[in-house]
Amino acid sequence: MCGIVGYIGNKSGTGMVLDGLEALEYRGYDSAGIALIDGAKGQVFKQVGRVSGLVKEVSKKKPEARLVMGHTRWATHGGVTVQNAHPQANNRQSIFVVHNGIIENFAEIRAKLKTEGYHFDSQTDTEVIPNLIDFYLKQLPTFEDAFKAALNDVRGAYSIVAVSTKEPETLYAARLSSPLVIGIGKDENFLASDPSAIMEHTKKVIYLEDYDVAVITKSKVSVHNLKQDKQTEPKVELLDYENEQALLGDYPNFMLKEIFEAPATIKTATLGRAQADKNLVKLGGLESVLRQLKFIDRIVIVACGTSYYAGLVGEYLIEELAGIPVEVHLASEFKYRDEPFSRSTVLLAISQSGETADTIAALKKVEDYGVLRLGIVNAVGSTIARMTDAGVYCHAGPEKAVASTKAFIAQVTVLSEIALHLGAESKNNPKLFKALLKELNELPAKAQAVLDTADQIKKVAEKYKDYRDFLFIGRHNAFPSALEGALKLKEISYIHAEGYAAGEMKHGPLAMIDASFPTFAIATDSPLLEKTYSNIQEIRARGGPVVAIATEGNKSIKDLVDDVIYIPKALDELQPVLHATATQLFAYYIAMARGYDVDRPRNLAKSVTVE
Ligand code: G6P
């Protein structure tokens, strides 16, 4: 949440920083701002709304400076106002700060600073930082000393960039539990929350570690670790991926484009890994931990949002194929549990962005347990990718729309490959092993077949666009699909939607059913289909409209429900991929029919870097 970009060099950095903010807009888009330090003068431009609004305003004035930093905000403390947008400044308007994260003890610091004569104009936690630096600057010899002293006082999570009008050649940056990467150029250096904002300019990067404080000029980067209290030799890494600029092409928005990337996503995630002809699965990312994997007897999956639901699909897959018990936890809950954890347990984190604060915290929690930490991550080089012992990349390419679509498809694909990998060793279920491998290779064509029915799904969606509530139900492998289907609908259409295990309907949700409360039933072929039918009957008996996803060829379901969306016949265990493609399209067309911005739903952000 919140995106940060910085530039120091010989050129004017305004354009670069604004472009970078646009690349980072997925992190937050309530408001945006930039600060320019030119000579001993600071100029700030801030606007509520999208970065494009800020770009328009700035381009009228064409300001130039060799030190520029910017911020795109996802509000935590204080409403969406210009006053609360970043950069925030000290009372004397000589220090400017952009911040991603939360300063938990800001109220305490603010009260202390007030007794020292400081006043506060915003409701943000961030505003205490420039004033605290200002406070220490009166007692300490250098800006760097004052910056470090301020950091020692704050509690919480942050990536911070601070600049001073007295030092127009230097960016000061710090990181704790929130990502920040430095880009190294020739006579210029860059800063950003993630490499996508700077990779057009350089491939050489330094990922800051927790407690790092960096001092960056156009020709030098020095890093001091506050916890170790020593200067560290920053490791310069080469970004090993191409400029994966996500371009819209002919699509009206990124969400539709990304939904339509499902077949390609499965192909990329299985390429060279799922080898049906040789009856084998090869996961290069796990090779370094093969020996340890032989001894595991429990897997704990941690994730948030859509990644959590992918984890639930993985739970069934791994248990069935490898016979290893799996638990799936919401990362935000897991970190506060005090559960027994043996060394033979593996912690598996799933994350599209690799930057979700709660998932990172879950990984940190087990740091000293001596357990293997694995990751299924999409964003190459992200914090989770770097902090896990090993893992498997999704290789789905950049996902721009806030609601996750192709990443879910890739995560389930990778989870089935991990299940196959673990199952191969134990030979727990050779029949399923073979069938799953074969299905993985056929899945892209089947996902394409679902996409080919987009127009039909659109028609159904438009019929249901005005309902206020929706229930999504499914059993066994289709239960996570119901949860994910409901999440997608509420995220982008703002319709109240709940995912429920079909068998649980009679324990509560059935009470809500009437003609104004439709159900989306996932009723594809499975040994439990008849039981799902019974649940649908119970809904119909109470006058509830029903839309169902069914397997091609199932004609009889038409007599039972109001509308049917067909998907191709597929192995039960991998049907969630096809369910997801269909429910993504359903949610998408409802949101479009209601006139919403599907790529940037209200109140949400793509990368949630606060707890
Ligand atoms: C946010 C996004 C979701 C995503 C979740 C977890 O809420 O809007 O789409 O599923 O974070 O993100 P991660 O990057 O860890 O998969």
Side-chain angles (χ1 to χ4, degrees), residues 1-3 24-30 74 76 100 177-179 193-194 196 254-255 258-259 265 301-314 328-335 347-364 374-388 391-415 480 483-494 499 580 583-584 587-588 591 596-611:
M1 303 205 151
C2 301
L24 294 185
E25 208 175 21
Y26 71 89
R27 302 176 73 89
Y29 35 84
D30 297 341
W74 186 87
T76 58
N100 169 26
S177 301
S178 193
S193 298
D194 92 44
S196 65
F254 281 105
M255 184 169 180
E258 288 158 7
I259 294 173
T265 300
I301 295 178
V302 287
C304 302
T306 289
S307 300
Y308 169 75
Y309 295 137
L312 292 179
V313 179
V328 193
H329 293 271
L330 288 165
S332 54
E333 287 297 316
F334 172 79
K335 63 185 179 189
L347 189 83
L348 171 59
I350 307 177
S351 175
Q352 188 286 126
S353 62
E355 299 296 352
T356 302
D358 288 323
T359 312
I360 293 173
L363 281 160
K364 278 192 180 158
L374 302 179
I376 298 180
V377 174
N378 189 36
V380 178
S382 55
T383 303
I384 295 176
R386 286 180 300 111
M387 74 190 287
T388 39
V392 185
Y393 273 122
C394 291
H395 290 317
E399 190 181 64
K400 289 272 193 179
V402 164
S404 188
T405 54
K406 64 173 175 172
F408 176 85
I409 305 289
Q411 289 162 346
V412 172
T413 308
V414 169
L415 278 159
L483 296 170
E484 170 58 12
L487 176 64
K488 215 66 346 169
L489 188 64
K490 63 188 144 196
E491 274 181 304
I492 57 169
S493 74
Y494 321 141
T583 52
Q584 288 165 8
Y588 171 82
Y596 297 137
D597 179 346
V598 290
D599 282 351
R600 302 270 185 270
R602 69 184 185 204
N603 304 341
L604 300 181
K606 181 121 195 96
S607 179
V608 183
T609 56
V610 294
E611 279 193 42

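We count ligands from 1, going down the list as the structure has it; atoms in each ligand are counted the same way.
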Trainee: Please report the interatomic distance CD1(Ile384) to CG(Leu363), rounded to the nearest 0.5 Å.
Mentor: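 It comes to 6.0 Å.
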
Trainee: Out of Ile376, Thr356, Val377, Asp358, whose heavy atom is nearest to atom 12 (O) of ligand 1?
Mentor: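 The option holding the nearest heavy atom is Thr356.
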
Trainee: Could you tell me if the side chain of Lys335 sits less than 4.5 Å from the side chain of Lys364, heavy atoms only?
Mentor: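 A side-chain contact is absent here, since even the closest heavy-atom pair is not under 4.5 Å.
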
Trainee: Suppose I only count heavy atoms of Ser351 and a 4.0 Å limit; which atoms of ligand 1 are within that range?
Mentor: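 Heavy-atom distances to Ser351 below 4.0 Å select 13 (P), 14 (O), 15 (O), 16 (O).
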
Trainee: Side chains of Ser353 and Lys606: closer than 4.5 Å at any heavy-atom pair?
Mentor: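 When only atoms from C-beta onward are counted, Lys606 and Ser353 do not touch, as no gap falls below 4.5 Å.
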
Trainee: Test of understanding: given a 4.0 Å heavy-atom threshold, classify the contact between Ala407 and ligand 1 as side chain, backbone, both, or neither.
Mentor: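 Contact part for Ala407 vs ligand 1: neither.
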
Trainee: To which protein heavy atom is atom 16 (O) of ligand 1 closest, and what is the distance rounded to 0.1 Å?
Mentor: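 That would be Ser307 OG, 2.5 Å.
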
Trainee: Of the non-hydrogen atoms in Tyr309 and Leu483, which two are nearest, and what is the gap between them?
Mentor: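 Closest approach of Tyr309 to Leu483: CE2-CB, 3.4 Å.
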
Trainee: Taking both backbone and side-chain atoms of Gln411, is any N or O found less than 3.5 Å from an N or O belonging to ligand 1?
Mentor: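 The answer is no, given that Gln411 and ligand 1 share no N or O pair closer than 3.5 Å.
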
Trainee: For ligand 1, find out whether one of its N or O atoms is nearer than 3.5 Å to an N or O atom of Val608.
Mentor: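 No, no N or O pair falls under 3.5 Å.
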
Trainee: Side chains of Glu484 and Val313, heavy atoms from C-beta outward: is any pair under 4.5 Å?
Mentor: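 Side-chain contact under 4.5 Å: no.
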
Trainee: Does the side chain of Pro179 reach to within under 4.5 Å of the side chain of Arg27, using non-hydrogen atoms?
Mentor: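 Result yes, sub-4.5 Å side-chain heavy-atom pair found.
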
Trainee: Contact between Leu604 and ligand 1, counting heavy atoms under 4.0 Å?
Mentor: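 So Leu604 does not count as touching ligand 1.
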
Trainee: Heavy atom under 4.0 Å from ligand 1: found in Thr306's side chain, backbone, both, or neither?
Mentor: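 Near ligand 1, Thr306 shows its backbone as well as its side chain.
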
Trainee: Quick check on contacts: which atoms of ligand 1 are under 4.0 angstrom from a heavy atom of Gln352?
Mentor: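 Counting from 1, the qualifying ligand atoms are 13 (P), 14 (O), 15 (O), 16 (O).
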
Trainee: For Ala605, take its heavy atoms, then give the atoms of ligand 1 lying under 4.0 Å from any of them.
Mentor: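 Near Ala605, meaning under 4.0 Å from one of its heavy atoms, ligand 1 has 1 (C), 2 (C), 8 (O).
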
Trainee: Just which atoms of ligand 1 are under 4.0 Å from any heavy atom in Lys606?
Mentor: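 Result: 1 (C), 2 (C), 11 (O).
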
Trainee: Output the distance between atom OH (Tyr29) and atom SG (Cys2), rounded to the nearest 0.5 Å.
Mentor: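 Tyr29 OH to Cys2 SG: 12.0 Å, rounded to 0.5 Å.
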
Trainee: Taking both backbone and side-chain atoms of Val402, is any N or O found less than 3.5 Å from an N or O belonging to ligand 1?
Mentor: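 Yes, since at least one N or O of Val402 sits under 3.5 Å from an N or O of ligand 1.
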
Trainee: Any donor-acceptor pair under 3.5 Å linking the side-chain atoms of Glu355 with those of Thr383?
Mentor: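 A pair is found: one side chain offers a donor N or O, the other an acceptor, under 3.5 Å apart.
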
Trainee: Is there a heavy atom in Cys304 that sits closer than 4.0 Å to ligand 1?
Mentor: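 A heavy atom of Cys304 does come that close to ligand 1.
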
Trainee: Can you name the atoms of ligand 1, numbered from 1 with element, that are less than 4.0 Å from a heavy atom of Ser404?
Mentor: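 It comes down to these atoms of ligand 1: 9 (O).
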
Trainee: Would a distance-only check, ignoring hydrogens and angles, find a side-chain to backbone donor-acceptor pair under 3.5 Å from Lys400 to Asp599?
Mentor: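 Side chain of Lys400 to backbone of Asp599, a donor-acceptor pair under 3.5 Å: no, none is there.
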
